[in-house]
Amino acid sequence: MTGQRTAQENLLEVRGLVKDFPQRGGRGTVHALRGVSLTIRRGETFGLVGESGCGKTTLGRIIVRLETPTAGSVTFAGTDLLASRGAALRRLRRDVQMIFQDPFASLDPRMTVGALIEEPLIIHGLGDARERRAQVCEYLERVGLRPEHYGRYPHEFSGGQRQRIGIARALILRPALVVCDEPVSALDVSVQSQILNLLDQLQKDLGLTYLFIAHSLSVVQHISDRIGVMYLGRIVEILDSGRLFSRAAHPYTQALLSAVPRPDPETPRERIILGGEMPSPVDLPGGCAFHLRCPKARPCCALEDPPLRTRGGHSVACCLVQLEGDE
Ligand code: SF4
């Protein structure tokens with residue numbers, strides 16, 4: 001997307017984020033996030049990818065204040081997002097919005113499309129009825145729908161159109177940061193690219209910054225400036241999207257990448273099939289959390305949990321990987 005060329009300032013800074021969920025009946029603790037740190041630059045799309053249960057949606061929900069972390073900090077445009085209360089929190093709720101995976105579940109079926117998109121303006125006390133209606137019609141058109149759709153109900157629309165309604169509802173407050181939580185996962189492949197192109201266009205038109213969460217590396221790669229790869233509550237690699245095929249270094253990223261169609265189909269590629277399931281986040285293995293499935297694991301990997309090391313904008317958490325500039 002556009003941000004790589006223009007963005008320098010950090011809009012969002014996440015530091016050491018931990019989220020534990022106690023299980024019912026005191027049967028243990030789900031370690032959903034285990035010290036996640038990342039920055040998102042103003043104007044970029046940061047793609048976050050990983051298998052179901054890796055913690056990526058929990059991270060998104062903390063950023064929009066739907067969850068409270070166990071430890072760590074989140075700074076948005078220089079403001080402590082987690083400490084904000086009252087008027088400052090209301091302002092943050094305008095500035096940080098979320099697009100949900102399931103457009104049907106996230107839209108109240110009893111409300112008209114116009115009322116659904118207008119509701120955030122009413123909640124935040126913005127504009128009179130005439131101004132709000134004009135804004136709703138403008139955003140219907142921005143997302144590829146028509147003002148005549150104002151009085152219709154969500155069930156009258158296709159899945160892709162419902163996601164367009166969800167996008168209009170998220171953007172009508174003119175947020176700076178949008179957390180897109182698997183926004184195309186529930187859609188047909190042909191519709192996915194339409195929604196991705198729409199998000200791209202809206203980013204250019206409205207100057208948006210995206211945290212784009214998905215389980216498919218090919219979807220994330222298509223839309224992102226930088227990519228973060230998560231495994232069992234940790235970030236294991238961060239790199240520029242344009243260097244994904246040439247520089248991905250973590251064995252887990254390489255396994256995900258082996259399933260993505262390459263831009264150069266002549267280049268031979270070996271599909272890496274990971275054995276076993278992702279371990280339970282309740283009962284984490286010692287050492288590197290990936291060592292039970294890692295095709296490159298050595299005996300020492302069961303002993304040491306490698307930290308995320310960064311050189312030249314490339315971060316990797318693997319004790320076997322040498323980064324440029326490493327001694
Ligand atoms: Fe694989 Fe070992 Fe690297 Fe973990 S530290 S990713 S187990 S090689």
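Both ligands and their constituent atoms are indexed starting at 1 by order of listing. Since we're looking at a predicted model, the values are computed, not measured.
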What residue among Leu38, Val14, Val229 forms side-chain contact (heavy atoms from CB on, under 4.5 Å) with Ile235?
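Single side-chain contact (heavy atoms from CB on, under 4.5 Å) partner of Ile235 among Leu38, Val14, Val229: Leu38.
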Output the list of atoms in ligand 1 that are nearer than 4.0 Å to some heavy atom of [X], sorted by atom number.
X      : value
Cys288 : 4 (Fe), 5 (S), 6 (S), 7 (S)
Leu320 : 8 (S)
His291 : 7 (S)

Let me check your reading of the structure: within less than 2.8 Å of atom 2 (Fe) of ligand 1, is there an N/O/S atom from Cys301?
yes
Does one side chain, of His215 or Glu182, offer a donor that lies under 3.5 Å from an acceptor on the other?
yes
Can you see whether Gln192 engages Asp188 through a side-chain donor-acceptor pair at a distance of less than 3.5 angstrom?
no
Check each of Glu237, Arg243, Arg226 against His314 using the side-chain hydrogen bond (donor to acceptor under 3.5 Å, both in side chains) test, and report the only one that passes.
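The residue from Glu237, Arg243, Arg226 that satisfies side-chain hydrogen bond (donor to acceptor under 3.5 Å, both in side chains) with His314 turns out to be Glu237.
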Tell me which one of Glu237, His250, Glu304 gets a heavy atom nearest to atom 6 (S) of ligand 1.
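Closest candidate by heavy-atom distance is His250.
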For atom 1 (Fe) of ligand 1, what is the closest protein heavy atom, and at what distance to 0.1 Å?
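Among all protein heavy atoms, the one nearest atom 1 (Fe) of ligand 1 is Cys294 SG, 2.3 Å.
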Does Cys319 bring an N, O or S atom to under 2.8 Å of atom 3 (Fe) of ligand 1?
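Looking at Cys319, which is the residue asked about, there is no N, O or S atom under 2.8 Å from atom 3 (Fe) of ligand 1.
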With a 4.0 Å heavy-atom cut-off (strictly under), which part of Cys318 contacts ligand 1: side chain, backbone, both or neither?
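Near ligand 1, Cys318 shows its backbone as well as its side chain.
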State plainly whether the residues Glu118 and Arg133 are in salt-bridge range, i.e. N to O under 4.0 Å.
no
